[in-house]
Amino acid sequence: MPPNKILFIPEYLKKRRTTFVPEWISRDKPLPATEKKVPTALRESSAYNGIPENIPVILKGGKCIIPNKGILPLDIKIQDGKIHSLGQNLSDNDAATVEVDGKYLIPGVIDPHVHLGIFTAFDTEIVTETRSALLNGVTTIGCYLFSQDSYLNTLDEIIDKIENYSFCDVFIHLAILNQKQLEEIPLYYSRYGITSYKTWMCGIPGLIPDVEDDFLLDLMEKIASLGDDAVLNIHAENHRIVDRATKRLKKAKPVPDSLKTWEESHPGFAEAEAVQRASFLAKETGIRIYFVHISSKETIKIAKELKRENKNIYFETTSPYLTMNLERDINFLYKMSPPIRREDDQRSLWEGLAEDLLDTIGTDHTCMSTDEKEITSNLWDIPPGYPAVGTHLPSLLDAARSNNFPLTELIEKITASPAKIFGLYPKKGMILPGGDADLVIVDPTAEKDVTPEIAASRSDYCLHQGRKLIGWPVAIVKSGKIITRENFEQVKDAIKSRYLKRG
Ligand SMILES: [Zn+2]
């Protein structure tokens, strides 16, 4: 395979009836007119477009949001892909200057929860979905891999693809589905630096089995034996409660006409019960656990007590759960597991963030096109999942603004906090000399209509489509390179991404 990042669409995908390829990814088509606008300060400086390789850059006049410190007016000097220094009125005759003009500079966003290669090939999505992430401010993703086989046969190849084709840096979480994989965990850890693993207390019918408490305990023991940096990521729902609710509802509503029925089949207390049980087992085994995609008010209610008893429990929610609810977002395209819930659940999630009960915000990005979603089928048969990484940052900026949620705290939840939990801090998730120069220049007042073209995924739909969101990234710095929608096609081959080996 050539070592450059040519966007390629496999033949079989081209032939599919309605699979959507955004027009602007083709080199010979111009960008839509609305996307041609470059923020004034950046346009005037003209520096970012013509910066020769390998010279230092000073980002001037920005307001830096430094996690756990606050908002500070600091210039940032970048050299060799790293943050060289921070300071006021930095100058250097050999450096190019880029005026940030009072906009916010935040660490590159880390989305700790992304799935690639589920409904189409990993080879495609490592390009298209990391492009969606990067252009919208996410510079690092935590990618879940799952297979029934040993990962020893595939990890080298996957890491190779990440290093050659991805636009973001990537760390890997491995799903452990059987005894063989469980026994190989120490090898995954020592050879590949994989410190995070995933299990499902409630699986996905036909795809991922439900895990019972005995296997869960075996898994916890094994991961605890690796060391303090290892963590088990848990999809927590009581599968018996979910099965019971699903059976009843399928009988009562064989052809549901509302996403609310789907939500009722995954009751919030099923999530809370599993969280409580797993937390208890984790205490017995001394392991760090991380609950993915917390969605319900029932879980928030018990989270405070659990965290008081055990400092090694972390909770993640997702940007879709924080920004969408069943009072408004009822399109079948939004079917997800756990489901998008009601307004009061959403309110409780924001309270959980404010009280520091929720540690991180991911997306659970699982790219699907409208065609793959099969929305004309019976709701019970529609596969769960949606593309979300491209709308992650703008939807959160918009919602934080309308919920009066402090910007500094929001930024911590999407940068420093996941970096700390998953062993990437302080190279990632922070703005410090010596750290990777991954940054996002954010205009909190920019308004844009959300479209699939802006989300820049391979999908033909996106969350919040048709709405106007306030607060957008205007430029991204990835490993020292300044990227905008306008220059992406020119610079994309030079964007260097890495597989992040941990441990
Ligand atoms: Zn997931």
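Whatever order the structure lists ligands and atoms in, that order sets their numbers, starting from 1. The analysis underlying the following values was restricted to heavy atoms, covering all of them including side chains, and did not include hydrogens, waters or symmetry mates.
- Across every non-hydrogen atom of Met324 and Ile340, the tightest pair is O-CG2, 3.6 Å.
- His235 lies apart from the Zn ion (ligand 1) in this respect, since none of its N, O or S atoms is found at a distance under 2.8 Å.
- Taking the Zn ion (ligand 1) as reference, the nearest N/O/S atom within Asp364 carries the name OD1.
- Looking at His113, its N, O or S atom nearest to the Zn ion (ligand 1) turns out to be NE2.
- Remark: the backbone N or O of Ala282 is paired with a side-chain donor or acceptor of Thr285 at under 3.5 angstrom.
- Taking the six-membered ring for Trp and the full ring otherwise, Tyr290 and Phe422 have centroids separated by under 6.0 Å.
- One distance of note links CD1 of Ile234 with CD1 of Ile287; it measures 7.0 Å at 0.5 Å rounding.
- Taking 2.8 Å as the criterion, His293 does not count as a coordinating residue of the Zn ion (ligand 1), since none of its N, O or S atoms falls below it.
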